[in-house]
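A quick note: this is a predicted structure, and the numbers were derived from the prediction, not measured. Numbers restart at 1 for each chain; the letters A, B, ... are given by sequence-line order, proteins then strands.
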Number of protein chains: 2
Amino acid sequence: MKQSYTTPDVSVDIVLLTLDEGLLKVALHQRDRAPAKHSLALPGGYVHVGEDASLEATAKRVLLEKTGFAPRYLEQLRTFGGPARDPRGWSVAVSHVALIPHAELSAAGAGVFQFYDVDDLPELAFDHAEQVEEAVQRVRNKASYSTLPCWLLPESFTLTQLQTIYEQIFGEAVSRGTFRSRLGIKVAELQPGDAADEADILIATDEFQGGNQRPARLFKVNRLSLFKRAFW
Amino acid sequence: MKQSYTTPDVSVDIVLLTLDEGLLKVALHQRDRAPAKHSLALPGGYVHVGEDASLEATAKRVLLEKTGFAPRYLEQLRTFGGPARDPRGWSVAVSHVALIPHAELSAAGAGVFQFYDVDDLPELAFDHAEQVEEAVQRVRNKASYSTLPCWLLPESFTLTQLQTIYEQIFGEAVSRGTFRSRLGIKVAELQPGDAADEADILIATDEFQGGNQRPARLFKVNRLSLFKRAFW
DNA sequence: CCAATAGTGTCTCTCAGACAGTATAAG
DNA sequence: CTTATACTGTCTGAGAGACACTATTGG
């Protein structure tokens with residue numbers, strides 16, 4: 001881990017978020033070596049020049065090695081750089097946001113990582129608090145005008161589950177009719193197979209989720225789509 | 001310019017955009033050394049570890065040294081990295097978008113840089129074409145729901161100038177009334193001094209721009225504000 | 001007077017959102 | 001039957017956008 005004198009070191013950090021009990025939570029672990037030994041920190045690592053095909057590939061590899069997860073959603077957040085963020089000198093961290101549904105977590109655990117409420121964070125190593133704050137801001141903002149929250153759910157989900165996610169993120173309720181017309185969905189008009197809604201947002205599956213009531217159709221998300229009008 | 005075997009080199013690139021004759025144009029220069037000698041390229045450079053306080057500071061310094069400009073607007077775009085983008089090996093480029101009003105350009109020139117229509121680009125060095133494409137997409141998208149286009153104008157501008165900028169970016173006309181009500185502006189209700197509109201978007205100055213017609217009030221932009229509803 | 005651009009009030013028509021109604025399951 | 005949740009049609013009020021009207025300068 002030699003420090004060059006002429007070019008900063010490059011690492012990749014990941015803000016891995018999930019929604020648990022209605023709260024956004026972030027994966028953190030306690031560092032077991034200097035610098036910032038014993039402090040809580042984000043998962044992160046260095047580019048493997050011989051192995052990684054891109055920065056995104058580095059992020060996926062680091063996440064898999066450290067937490068055992070492939071995220072449902074991954075995007076670059078912002079690159080942090082400066083002389084003071086790491087005591088070893090001028091450094092650069094390419095920060096990413098990743099989302100994972102809570103259901104996958106409970107099944108597998110997350111290694112040495114634990115999840116902390118992003119609105120009630122302990123002290124973090126380096127500039128990781130700043131990274132979490134920006135990531136949360138990005139996710140909350142993007143959730144208000146896009147299908148981003150779909151990636152906090154399993155691959156298939158009901159419209160009611162999706163509405164609940166939105167309401168948890170924004171802490172405000174909407175009537176079912178309003179929510180559905182915003183998405184441009186008319187469930188009854190859908191062909192059972194692969195038919196999509198008009199705006200190409202969701203894909204209807206031919207599966208239903210039962211219970212002791214009328215079964216709800218399951219949907220998958222097509223791609224990240226942006227709304228013309230913000231939700232909240 | 002030695003290449004380390006264990007950590008990629010980090011550079012900072014800037015996509016400097018302006019609006020000229022109704023077209024978005026990007027600053028490019030012809031490289032005078034290998035690799036990609038004689039190819040057109042974006043302004044860019046390396047972090048000066050002893051000098052730069054942040055990546056943004058690096059971008060500003062590089063821009064000033066190479067083009068002579070301090071941009072009106074600067075934000076990080078995305079960081080590009082991989083083994084193939086530079087023939088010298090695994091490299092990382094922190095890409096930025098910068099905006100400058102055309103009026104400042106004509107006054108000072110831009111050194112060895114010339115401006116090219118982003119919708120009719122020649123072949124570019126490295127992955128610079130990809131960087132320009134993403135930057136333009138970001139600017140066009142952000143322009144549709146924010147005050148970003150204000151930074152393509154001088155510090156003070158009339159509402160008609162602002163409307164013209166929006167119409168040039170989107171290639172579609174709107175009536176004056178519609179445009180003004182979108183911004184939530186009622187010019188007459190403004191106190192001549194520093195009064196702002198309701199949404200805190202623009203600041204009214206007490207200056208007017210004459211001509212052989214009714215003079216138009218000059219405005220300044222307060223900060224980057226996002227609209228709840230997209231313009232186009 | 002006219003020309004030219006700045007700024008505003010009005011009218012219409014669409015669409016968001018509340019609400020109440022129907023549909024389908026289990027017990 | 002009741003209960004519980006899924007889904008949809010209707011009605012109303014707010015707001016976007018077209019258009020025409022007034023305001024203020026120069027010639």
Send over the distance from [X] [atom1] to [N] [atom2], rounded to a whole Å.
{"X": "B/Phe170", "N": "D/dG17", "atom1": "CZ", "atom2": "P", "value": "13 Å"}
{"X": "A/Phe227", "N": "C/dG17", "atom1": "CZ", "atom2": "P", "value": "12 Å"}
{"X": "B/Arg180", "N": "D/dA16", "atom1": "CZ", "atom2": "P", "value": "16 Å"}
{"X": "B/Phe179", "N": "D/dC19", "atom1": "CZ", "atom2": "C1'", "value": "18 Å"}
{"X": "A/Phe219", "N": "D/dA6", "atom1": "CZ", "atom2": "P", "value": "12 Å"}
{"X": "B/Gln163", "N": "D/dG17", "atom1": "CD", "atom2": "C1'", "value": "12 Å"}
{"X": "A/Leu183", "N": "C/dC15", "atom1": "CG", "atom2": "P", "value": "17 Å"}
{"X": "A/Leu159", "N": "C/dA23", "atom1": "CG", "atom2": "C1'", "value": "16 Å"}

It should be established whether [X] places a side-chain nitrogen or oxygen under 4.0 Å from OP1 or OP2 of nucleotide [N].
{"X": "B/Thr160", "N": "C/dA6", "answer": "yes"}
{"X": "A/Arg217", "N": "D/dA6", "answer": "no"}
{"X": "A/Thr178", "N": "C/dA16", "answer": "no"}
{"X": "A/Ser175", "N": "C/dC19", "answer": "no"}

Exercise for the section: Scan B/Leu152, B/Asp20, B/Leu153 and name whichever one has a side chain to side chain contact (heavy atoms under 4.5 Å, CB included) with B/His102. Expected result: B/Asp20
Exercise for the section: Please determine, by modelled atom types, if A/Asp127 and A/Gln131 share a side-chain donor-acceptor pair under 3.5 angstrom. Expected result: yes
Practice task
Ignoring the backbone of A/Arg182, work out which of C/dA16, D/dA6, C/dA18 is nearest its side chain.
Solution key: C/dA16
With the threshold set at 4.0 Å, does a side-chain nitrogen-carboxylate oxygen contact exist between [X] and [Y]?
{"X": "B/Glu56", "Y": "B/Lys60", "value": "yes"}
{"X": "B/Glu130", "Y": "B/Arg85", "value": "no"}
{"X": "B/Asp117", "Y": "B/Lys25", "value": "no"}

Exercise for the section: Please list, by residue number, the residues of residues 208-216 of chain A whose heavy atoms come closer than 4.0 Å to an atom of DNA chain D; answer none if no residue qualifies. Expected result: A/Gln213, A/Arg214, A/Pro215, A/Ala216
Handout entry: Face-on cation placement of B/Arg182 at B/Phe227 ring, 6.0 Å and 45° thresholds
Key = no
Problem - Cation-pi check, B/Arg140 onto B/Phe170 ring (under 6.0 Å, within 45° of axis) - result: no
